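Keep in mind that what you see is a predicted model, and the values were worked out from it rather than measured.
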Amino acid sequence: MKKKSIFIIFVFVIVGTAIIYFINQSDSKVSEPFMKSEEAEKESQLEEQIASEEEEETNEAESEETEQRTFPQIIAETVQSTVDFFTNKETHIVAIGDSLTQGVGDETEQNGYVGILDRTINGKKQIAQIDSFGKRGNRTDHLLMRLEDDEIASSIKDSDIVLITIGANDIMQVAKENFTNLVMEDFVFELDNYEKRLREIFDEIRRLNPDTKIYLLGFYNPFKQYFQDIKELDLIVETWNTTGNNVVSDYENTTFIPTEDLFSATDTEPETALFADDNFHPNYEGYYRIAERVLEYITIR
């Protein structure tokens, strides 16, 4: 009986050992692929991170190459004139206005046309101070209030040049408020208010600084990408730009810079993507064209 009990215990020990062994083997087989899977996932994440960083570096390099590639087209005139113009004096440029001054839509995230101006003028040496006060969604009434801001007012007082982008959101506001029953008269009525506020903006800038040079940038048709067949929208933009130009002509040392033609396709020039994904703001190429036009007016005309 005693021998039988010992035998039974021995059998249980053997069976238990075998069970433990197989369990360990099973865990090992399960955990090993799991570990490999986990390591593979980490390696994959690392590869993705490295690839993302390399892509970012490539994008930055391509952005630099873009400017280096395109600037030589105008370096003989605009850029060289810019260098000559700004190296002979200390110049303070102030850019104020809406999202175009802020650089919204620039896929390089380098501040749109103001950033391009900065890198062109101050490419190798800091020869001009550039302050930018662009704010997305600003209309003329917003900008008029922002001129009371101490930082902006102080910057304008010390400026040699003031660049302004404003007006597109005034048009947008009319469209939003009368979307269900939009007629030409709505834009004509608001045009009078736009002109009035624009004069108040110029008057305030002149009060802050009687000698600074003011440049008002005209605007392109912000609806063109959505409503290409509505020719009245082109007429509205043209009328509002004409009003801006007429206001400018009533002030000394003040210039209107047209930009609408920069975004219009021509028969001699191939179609180029000039708008950001929102189909409203310029992309880098669009801002580059604006910057080139601004440099032309500042340094040559």
Side-chain angles (χ1 to χ4, degrees), residues 74 78-79 81-82 85-86 89-106 110-122 127-136 138-140 142-144 146-147 149 151-170 197-220 240-241 244-245 247-249 251-263 281-282 284 286-301:
I74 58 170
T78 308
V79 173
S81 298
T82 300
F85 181 86
F86 288 105
K89 65 187 81 174
E90 291 183 3
T91 304
H92 182 189
I93 300 174
V94 177
I96 58 176
D98 51 28
S99 54
L100 297 184
T101 298
Q102 186 178 341
V104 175
D106 178 3
Q110 298 187 70
N111 303 321
Y113 94 91
V114 178
I116 295 173
L117 290 181
D118 193 357
R119 293 190 298 277
T120 306
I121 298 169
N122 298 314
I127 56 178
Q129 176 185 344
I130 301 180
D131 297 334
S132 184
F133 300 101
K135 191 170 183 179
R136 188 173 192 163
N138 263 198
R139 303 188 302 269
T140 47
H142 296 135
L143 182 57
L144 193 56
R146 291 181 67 213
L147 291 176
D149 179 87
E151 182 182 7
I152 296 177
S154 176
S155 187
I156 291 175
K157 286 179 181 179
D158 186 53
S159 70
D160 300 293
I161 294 173
V162 175
L163 304 172
I164 307 172
T165 61
I166 202 70
N169 290 306
D170 292 67
R197 291 190 294 265
L198 199 58
R199 291 185 182 278
E200 291 176 352
I201 288 171
F202 287 151
D203 289 340
E204 179 60 16
I205 293 175
R206 279 281 168 253
R207 187 188 70 79
L208 292 169
N209 188 333
D211 301 319
T212 192
K213 295 180 180 178
I214 304 174
Y215 294 88
L216 174 66
L217 278 66
F219 41 85
Y220 54 87
W240 282 53
N241 273 326
N245 197 3
V247 172
V248 163
S249 64
Y251 291 82
E252 293 184 0
N253 218 11
T254 305
T255 304
F256 181 83
I257 302 180
T259 65
E260 199 278 333
D261 63 300
L262 301 177
F263 295 85
H281 296 95
Y284 172 84
Y287 278 119
Y288 176 85
R289 293 189 178 195
I290 293 175
E292 185 177 358
R293 176 64 59 81
V294 170
L295 284 174
E296 176 189 349
Y297 269 74
I298 288 178
T299 61
I300 297 178
R301 295 185 179 237

Point to revise | Contact summary for H281 and S99, nearest pair of heavy atoms | key: NE2-OG, 2.8 Å

Check your understanding: Under a 4.5 Å cut-off applied to non-hydrogen side-chain atoms, are D131 and I152 in contact?
Key -> no

Check your understanding: Would you say the side chain of L100 lies within less than 4.5 Å of the side chain of Y287, judging by non-hydrogen atoms?
Key -> yes

Exercise for review: Write down the atom of Y297, the atom of P258, and the distance for their closest heavy-atom approach.
Suggested key: OH-CD, 3.3 Å

**Study point:** For Y220, all residues meeting ring-ring contact (aromatic ring centres under 6.0 Å, His included), sequence neighbours excluded
**Key:** F263, F275

Point to revise | Which residues share a salt bridge (Lys or Arg N to Asp or Glu O under 4.0 Å) with D170, sequence neighbours left out | key: R197

Check your understanding: So which heavy atom on L144 is nearest to which on E200, and how close?
Key -> CD2-OE1, 2.9 Å

Exercise for review: Hey, could you give me the CD1/CG distance between I156 and N209, rounded to the nearest 0.5 Å?
Suggested key: 8.5 Å

Check your understanding: Does a side-chain heavy-atom distance below 4.5 Å link I214 with Y251?
Key -> no

Review point. Heavy atoms, side chains only, cut-off 4.5 Å: are V248 and F202 in contact?
Key: yes

Review point. Roughly how far, to the nearest 0.5 Å, is CG of N253 from CG of D211?
Key: 8.0 Å

Study note, to complete from the structure: When every non-hydrogen atom of A291 is compared with those of L117, the smallest separation belongs to O-CD2, 3.7 Å

Review point. Quick one: side-chain contact (heavy atoms from CB on, under 4.5 Å) partners of D118, sequence neighbours excluded?
Key: N122, I130

Check your understanding: side-chain contact (heavy atoms from CB on, under 4.5 Å) with S249: which residues, sequence neighbours excluded?
Key -> none

**Study point:** Any donor-acceptor N/O pair, Q110 side chain to G115 backbone, under 3.5 Å
**Key:** no

**Study point:** salt bridge (Lys or Arg N to Asp or Glu O under 4.0 Å) partners of R199, counting only residues at least two apart
**Key:** E195, D250

Review point. Got a sec, which residues hit side-chain hydrogen bond (donor to acceptor under 3.5 Å, both in side chains) with T101, two or more places apart in sequence or on another chain?
Key: T165

**Study point:** Pairing residues for D160 by the side-chain contact (heavy atoms from CB on, under 4.5 Å) criterion, not counting sequence neighbours
**Key:** T91, H92

Check your understanding: Hey, is the main chain of Y215 close enough, under 3.5 Å, to the side chain of T255 for a donor-acceptor pair?
Key -> no

Check your understanding: What is the distance from atom CD1 of I116 to atom CZ of R289, rounded to the nearest 0.5 Å?
Key -> 12.0 Å

Exercise for review: For the residue pair D106 and Y113, confirm or rule out a side-chain donor-acceptor distance under 3.5 Å.
Suggested key: no

Check your understanding: Can you tell which of L163, L147, I166 makes a side chain to side chain contact (heavy atoms under 4.5 Å, CB included) with I96?
Key -> L147

Point to revise | With sequence neighbours excluded, residues passing side-chain contact (heavy atoms from CB on, under 4.5 Å) with K135 | key: N138, R146

Practice item. Could you list the residues that satisfy side-chain hydrogen bond (donor to acceptor under 3.5 Å, both in side chains) with T212, not counting sequence neighbours? Key: S159

Practice item. For F133, enumerate each residue passing the ring-ring contact (aromatic ring centres under 6.0 Å, His included) test, keeping only those at least two apart in sequence or located in another chain. Key: none

Check your understanding: Which distance, rounded to the nearest 0.5 Å, do you find between the CG of L143 and the CG of D98?
Key -> 8.5 Å

Exercise for review: Measure the CD1-OG distance between I93 and S132 for me, rounded to the nearest 0.5 Å.
Suggested key: 11.0 Å

Practice item. Could you pull out all residues at least two apart from R206 that satisfy salt bridge (Lys or Arg N to Asp or Glu O under 4.0 Å)? Key: none

**Study point:** From N245 atom CG to I257 atom CD1, the distance as rounded to the nearest 0.5 Å
**Key:** 11.0 Å

Check your understanding: Can you name the nearest heavy-atom pair linking G244 to L198, along with the distance?
Key -> CA-CD2, 3.8 Å

